[in-house]
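Inspection log for the structure reproduced underneath, given as structure tokens.
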Amino acid sequence: MANQKTFYLETFGCQMNVHDSEKVVGTLISQGYRQVESVEEAGLVLYNTCSIRDKAEQKVFHRLADFRKLERQGKKFGVLGCVAQQEGENIFERAPHVSLVCGSASYRNLPGMLVELEAGKRSTGLDDRQTTETFETEFTARGNPHRGYITITEGCDKFCAYCVVPYTRGRERSRTSDAILAEARQMAGSGYTEVQLLGQNVNSYRDPLRKRTFSELCDHVHLPVQSGSTRVLEAMQREYTREDYLQRIAWIKAARREISITTDIIVGFPGETEAEFEETLSLLDEVGYDGTFSFKYSPRPNTPAQTMPDSIPDGEKARRLSVLQEHQKEIQKRLNARHVGQTLEVMVEGTNPARGQLIGRTSQNKTLNFTTAGGNAVPTPGSYVRVHVSASFPNSLLGEMVG
Ligand code: 5AD
């Protein structure tokens with residue numbers, strides 16, 4: 001018999017979901033549940049889901065189909081997060097063995113929903129898009145003991161033509177600076193040496209208490225551009241032109257300290273011509289990104305772009321994606337080479353025993369693997385050390401600890 005008070009949780013998608021799962025785990029533990037590492041051991045099986053692209057959404061339905069037969073053993077299944085919010089009670093039709101559906105702004109209701117579930121009922125928690133609440137909880141079970149996430153904003157009001165986020169995560173809202181600082185102090189007190197501020201749109205942060213502004217704290221800016229073509233940007237409802245974007249990049253580059261820049265790109269948006277795609281390639285050259293995340297356009301429910309013909313065949317989207325990724329790889333090779341000879345401070349993230357290396361991360365958020373000269377004490381994860389860079393690759397740097 002499966003123990004009803006055990007749960008298994010699998011997380012799909014973005015860092016917001018990863019962090020939401022940390023809060024959900026903490027909440028379930030506070031309700032007397034114990035987390036287990038496999039579906040087989042669990043009484044309650046939860047999926048925290050992503051619906052940003054169709055492939056991500058299909059994953060949860062595949063998982064649910066794979067484990068459907070385990071319902072006979074008395075296991076219960078729950079769908080959390082963006083697919084839950086998007087599909088709502090339709091999920092019960094597509095996967096009748098599911099008994100819990102809960103959107104991300106409803107997690108504060110989980111304790112009550114679990115009680116319903118234990119009583120053998122189905123439970124649904126769907127968010128009102130207008131909600132102004134954020135999920136404040138003292139029960140966050142963080143997975144990493146040195147670097148941890150803090151939510152500063154939730155939701156999005158931008159309504160880009162291709163994007164489901166405004167429909168799955170509700171309107172844009174900010175936590176108070178007091179709540180954020182209290183959480184950061186508590187983390188520092190329990191040994192955290194790095195915090196990462198999270199939000200769908202962190203630069204929209206507005207302190208409800210009007211005490212603090214969001215000025216850039218880190219040496220790394222992620223500024224999603226999506227396309228290098230002003231025509232495509234307009235069709236995407238991005239509210240800026242190629243030139244506006246490049247102006248912002250120029251400001252970042254004019255900063256006194258060196259800041260790394262990364263971005264997101266969609267290829268094959270409805271109607272994107274070859275020439276427009278090439279404008280994205282030339283934008284990559286002009287900006288010189290330290291990293292990019294790139295995707296084939298995927299039509300999403302509720303979005304304005306869903307009504308536009310998805311005109312670029314999948315094979316052509318795949319070709320553009322691979323051309324773009326090859327192009328970007330050459331840029332990263334060139335940009336990373338400039339670090340060779342520099343001495344950079346890294347936070348020690350862990351070790352790679354197979355390679356006899358330590359794994360570090362620079363303030364520009366780059367992976368810098370390094371060795372220590374014989375006789376030096378091996379630094380502990382979470383500490384900060386200086387590393388001399390000796391070699392570079394498209395996705396990482398290599399070096400030796402100094403001193
Ligand atoms: N199709 C493909 N990529 C998308 N993204 C968001 N919506 C879609 C979609 N419908 C990408 C964007 C965004 C990143 C998180 O996911 O590049 O910045």
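None of the values given here were measured: they were computed from a predicted structure. We count ligands from 1, going down the list as the structure has it; atoms in each ligand are counted the same way.
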The side chain to side chain contact (heavy atoms under 4.5 Å, CB included) partner of Arg355 among Leu358, Asn352, Thr351, Ile359 is Asn352

Pick one: which of Val25, Leu114, Val36 meets side chain to side chain contact (heavy atoms under 4.5 Å, CB included) with Phe7? Val25

Enumerate the atoms of ligand 1 whose separation from the nearest heavy atom of [X] is less than 4.0 angstrom.
| X | result |
| --- | --- |
| Arg300 | 10 (N) |
| Phe295 | 3 (N), 11 (C), 14 (C), 16 (O), 17 (O) |
| Gln226 | 12 (C), 13 (C), 17 (O), 18 (O) |
| Ser298 | 1 (N), 2 (C), 9 (C), 10 (N) |
| Ile52 | 5 (N), 6 (C), 7 (N), 8 (C), 9 (C), 10 (N), 16 (O) |

How far apart are the closest heavy atoms of Asn48 and Tyr107, and which atoms are they? OD1-OH, 3.4 Å

Heavy-atom nearest pair, Arg300 first then Ser51, reads NE-O, 2.8 Å

For [atom], which protein heavy atom lies nearest, and how many Å away is it?
| atom | result |
| --- | --- |
| atom 2 (C) of ligand 1 | Lys296 O, 3.2 Å |
| atom 18 (O) of ligand 1 | Asp264 OD2, 2.6 Å |
| atom 11 (C) of ligand 1 | Arg53 NH1, 3.3 Å |

Using modelled atom types and a 3.5 Å cut-off, is there a donor and acceptor pairing between side-chain atoms of Thr151 and backbone atoms of Leu198? no

Tyr245 and Tyr289 aromatic ring geometry - parallel, tilted or perpendicular at 30°/60° bounds: tilted

Run down the list Tyr162, Phe269, Phe293 and name the one with the heavy atom closest to atom 7 (N) of ligand 1. Tyr162

Taking CD in Gln247 as the centre, count heavy atoms belonging to other residues, nucleotides or ligands within less than 6.0 Å. Is the count above 12? yes

N/O separation below 3.5 Å, Tyr297 to ligand 1: no

